[in-house]
Amino acid sequence: MPVWFNPARELDALLRKVAPQVAGLDSHFDPELRPSDPRHADFQANGVLAAAKRAKQNPRALATSLLEAVRASGELDETLIVAEVAGPGFINFKLTPIALGAWLKEYRDESKWRAGAAKIMGGKKVVIDYPSPNTAKQMHVGHLRPIVIGEAVARLIEFCGAELIRDNHIGDWGTNFGILILAIRRSGFKLDAKSPTALEDLERLYKEGSLQTKADPAALDAARAELAKLQTGDAENLKLWEEIVQVSNAACQRIYDQFGLKSDVILGESFYRDKVNQVYTELQKCGLAEESEGALVVWDDEEPRFSRHAETKMPFIVRKKDGSSNYASTDLATLLYRAEHFKAEEIVYVTDGRQQDHFHQLFRTGTRWFNLSQRKLPRLRHVWFGTILGEDGKAIKTKSGDPVRLQSLIDEATERAYAAVTEKSPEFPELERRMIAQKVGVAALRYVDLASNRTMDYSFSWSKLLAFEGNTAPYLMYAAVRVRSIFRKSGIALGQGEEGASDLETPEEISLARKLLGFTAALDSALEDLRPHHLCTYLHELAAAYGTFYAVNSVNDPTLPAATKARRLMLCARTCSILETGLRLLAIEPVERM
RNA sequence: GAGGGGGUAGCUCAGCUGGAUUAGAGCAGCAGCCUUCUAAGCUGCGGGUCGCGGGUUCGAGUCCCGCCCUCCUCACCA
């Protein structure tokens with residue numbers, strides 16, 4: 001019997017296969033196979049309870065018959081998987097230590113897991129849109145989430161075998177630029193892209209301009225007019241715009257470098273400036289778009305909220321009344337470009353949750369447009385995330401005063417990590433301590449953001465983002481480092497020394513092995529809704545199981561029988577590989593020692 | 001008003017398509033554990049009427065209905 005990569009899937013198939021042979025069950029029987037509380041079993045089938053009710057049979061008796069049919073099929077090797085009827089009518093399946101050991105021997109490295117996961121996306125062409133910042137000012141904590149979540153989601157998709165294009169769709173063609181240009185005009189400021197303070201200058205000017213437009217509707221109109229001029233090709237505004245974009249992009253790039261973020265293409269809104277006209281004409285030709293109060297809008301009468309009859313009108317405005325484009329225009333043009341130029345079969349947008357209405361409208365309009373023009377629509381997914389709140393419970397960007405800059409956050413994290421590594425390992429060379437600190441610091445920030453469900457809001461807090469203990473990135477990295485240390489001490493390479501490993505014995509060995517087998521399930525759930533926190537939860541549990549094992553089961557004890565040492569080395573090697581693979585999927589770079 | 005988040009331990013959060021007489025982590029608190037593989041760690045203790053009220057059924061934090069609280073969005077910002 002081959003070693004099942006995914007025992008739950010195989011058991012599910014087996015139960016479905018034999019079900020028709022049992023009186024009261026048929027080919028539609030769903031075993032409802034679930035992972036179990038480890039105190040009971042590894043997996044359990046709950047489906048008999050529902051089936052027994054439908055067939056008006058005693059659930060325990062039915063479960064017993066089903067189990068007998070499974071045994072009669074001869075396809076369940078009970079030296080590997082022990083099955084029994086339990087409770088009101090569950091069927092429990094427990095992997096024996098022999099089975100756990102066999103799995104660990106068979107599925108030993110990343111290439112095996114990757115091969116298994118690759119079937120999920122199977123070479124599908126996917127475009128992912130992140131982090132797509134839209135302001136010409138310094139990045140602050142509010143910019144953390146699209147970077148961190150976007151990168152993790154991208155890596156998960158890639159791991160599953162997609163052909164992925166990372167597109168940084170920067171917001172460089174909107175009213176924020178009108179505001180900036182106006183502010184620069186009014187202040188008479190001479191922008192110099194090469195000046196070291198260029199970014200700070202822009203930031204200050206934007207803030208001034210923004211205050212003005214909020215206080216004075218006329219100023220907002222003036223800003224819009226500057227944008228309209230820019231969009232119609234005004235040479236002066238275009239020159240100014242180029243300089244602003246240059247300064248802004250350079251600043252963003254410095255942050256991206258520290259987060260290890262690389263885009264395949266950077267096609268911002270401005271890239272589509274000559275592609276929006278096609279959107280206007282096509283939408284009108286299809287009869288989707290019409291004039292309303294001077295703007296070009298799309299009504300969606302199928303959806304009450306976006307219907308022309310809605311109480312609160314919420315049309316999808318694709319062209320403003322002054323003729324300028326907005327994000328609806330450029331997003332539609334972008335959708336078309338990604339479908340035609342990149343042949344995208346799926347597009348993933350990673351943005352703030354406050355844009356959900358926009359994406360609903362975009363997706364619905366896009367669907368109608370593509371249908372009417374006989375185009376094939378890619379699968380569209382909006383991976384949205386909650387807001388980082390300030391201490392006042394309000395979104396960080398609306399907070400009065402300056403939000404914490406992303407760079408100061410990185411610096412502080414790195415500094416604290418440096419202090420920690422210097423305290424714990426003063427013997428490491430200075431340079432190495434600096435490198436470790438950089439990795440650990442950024443990892444800690446990332447992990448906090450990834451560890452909770454992305455749809456949740458959370459409040460900014462230095463102590464939370466810079467924690468190095470408990471369920472944090474340093475804890476996971478530390479677990480991997482302790483494994484590596486064992487191999488270093490015993491002078492063998494990771495993955496070596498496993499020959500002649502005996503069957504798992506101690507409770508700590510067994511529960512660690514069970515956790516290791518849970519990796520694929522964790523990947524599945526993280527991928528399903530593109531929620532990286534499932535992977536974080538799993539990695540933390542794995543590291544904790546290793547911690548328990550590590551404290552009680554020594555590996556390099558010279559009195560240990562060779563076969564025992566071999567099996568423990570195997571557990572260590574698998575733990576290290578899965579931890580490091582998992583961390584890399586979160587874009588956290590593991591270290592050798594810390 | 002419409003749509004969408006959220007309400008689970010003092011705090012921050014898990015809890016996947018309902019499942020097993022004790023609802024889980026981490027932090028904070030208390031008590032232990034380093035002459036032996038990195039103590040950024042391990043072990044133990046205390047701590048919860050899962051917002052409220054009904055309902056569905058063998059079984060509900062999870063599903064349905066009603067209500068309360070809170071955050072976000074709602075015509076030319078992105």
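As the structure is a computational prediction, the values presented were derived from the model and not from experiment. The figures here come from the full heavy-atom set of this structure, side chains too, leaving out hydrogens, waters and symmetry mates. Proteins get letters first, then strands, A, B, ... in listed order; numbering begins at 1 in each.
Rounded to an integer number of Å, the gap from CG of A:L296 to P of B:A75 is 18 Å. Following rounding to the nearest Å, A:K53 (NZ) and B:G18 (P) show an atom-to-atom distance of 12 Å. Distance, A:H382 NE2 to B:G5 P: 13 Å, rounded to whole Å. If you take CD1 of A:I388 and P of B:C13, they are 12 Å apart, rounded to a whole angstrom. We find that CG of A:D557 is positioned 11 Å from P of B:C37, with the value rounded to whole Å. Rounded to whole Å, the distance from CD on A:E508 to C1' on B:C37 is 16 Å. Rounded to whole angstrom, the span from the CG atom of A:D352 across to the P atom of B:G5 amounts to 14 Å. The nearest whole Å value for the distance from the CG atom in A:L389 to the P atom in B:G6 is 14 Å.
The A:S452 side chain lies nearest to B:C13 when the options are B:C13, B:A75, B:G4. Listed nucleotides: B:C74, B:A78, B:C71. Nearest to the side chain of A:D457: B:C71. For A:I317, whose side chain is taken as the heavy atoms from C-beta onward, the closest listed nucleotide among B:A75, B:A78, B:C37 is B:A75. Among the nucleotides B:U17, B:A40, B:C13, the one closest to any side-chain atom of A:M456 is B:C13. The side chain of A:W384 sits closest to B:G5 out of B:A75, B:G24, B:G5. Out of B:A20, B:U73, B:A78, the shortest distance to the side chain of A:E269 is found at B:A78. Taking only side-chain atoms of A:N134, from C-beta outward, the nucleotide of B:C37, B:A78, B:U57 with the closest atom is B:A78.
Among the heavy atoms of the strands lying under 4.0 Å from A:H533 are primed sugar atoms or P, OP1, OP2 only; no base atom is included. Contacts of A:A479 with the nucleic acid, taken as non-hydrogen atoms under 4.0 Å apart, are absent. Among the heavy atoms of the strands lying under 4.0 Å from A:N556 is at least one base atom, whether or not backbone atoms are also near. At a threshold of 4.0 angstrom between heavy atoms, the contacts of A:V297 include nucleobase atoms, whether or not backbone atoms are also involved. Across all strands shown, A:G353 has no heavy atoms under 4.0 Å from either base or sugar-phosphate atoms. Using a 4.0 Å heavy-atom criterion, one finds that A:E528 contacts no nucleic acid atom at all. Within 4.0 Å of A:D30, counting heavy atoms only, lies no atom of the nucleic acid at all. Across all strands shown, A:T312 has heavy atoms under 4.0 Å from base atoms, whether or not it also approaches the sugar-phosphate. Residue contacts shown for A:N92 include a base, since a base heavy atom lies under 4.0 Å away. Among the atoms of the strands shown, none is found under 4.0 Å from any heavy atom of A:D37. At the heavy-atom level, A:H358 lies nowhere under 4.0 Å from the strands shown. Within 4.0 Å (heavy atoms only), A:K321 reaches at least one base atom of the nucleic acid.
Comparing the C1' positions of B:A31 and B:U56 gives a spacing of 47 Å, expressed to the nearest Å. As rounded to the nearest Å, B:G47 and B:C30 have C1' atoms that lie 12 Å from one another. For B:C63 and B:G15, the P atoms lie 13 Å apart once the distance is rounded to whole Å.
Judged by distance alone, with hydrogens and angles left aside, A:S132 brings no side-chain donor or acceptor close enough to the base of B:A78 to form a pair under 3.5 Å.
Residue side chain A:H40 meets the stacking definition with respect to B:A20: its ring centre sits within less than 5.5 angstrom of the base's six-membered ring centre, and the planes differ by less than 30 degrees.
How far NE2 of A:H360 is from CE of A:M314: 10.0 Å, rounded to the nearest 0.5 Å.
Nucleotide B:A2 forms a Watson-Crick or G-U wobble pair with B:U73, both donor-acceptor distances falling under 3.5 Å. Base pairing of B:A31 is made with B:U43, judged by Watson-Crick or G-U wobble geometry with both donor-acceptor distances under 3.5 Å.
Other residues, nucleotides and ligands contribute more than 12 heavy atoms inside 6.0 Å of the CZ atom of A:R308.
For residues 44-51 of chain A, proximity to RNA chain B is found at A:Q44, A:N46, A:L49, defined as any non-hydrogen atom under 4.0 angstrom from a strand atom.
Partners of A:Q356 by side-chain hydrogen bond (donor to acceptor under 3.5 Å, both in side chains), not counting sequence neighbours, listed by chain and number: A:W384.
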N/O-N/O pairs, protein side and nucleotides 41-47 of chain B side, under 3.5 Å:
| unit_1 | atom_1 | unit_2 | atom_2 | d |
| --- | --- | --- | --- | --- |
| B:G41 | OP1 | A:G470 | N | 3.2 |
| B:G41 | O2' | A:R482 | NH1 | 3.1 |
| B:G41 | O2' | A:R482 | NH2 | 2.6 |
| B:C42 | OP1 | A:Y475 | OH | 2.7 |
| B:U43 | OP1 | A:T548 | OG1 | 2.9 |

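Nucleotide B:C34 is shown with a syn base, its glycosidic torsion being within 90° of 0.
Looking at A:D172 and A:S270, their side chains do bring a donor and an acceptor atom within 3.5 Å of each other.
For the pair A:R568 and A:E509, the salt-bridge criterion is met [side-chain N within less than 4.0 Å of a carboxylate O].
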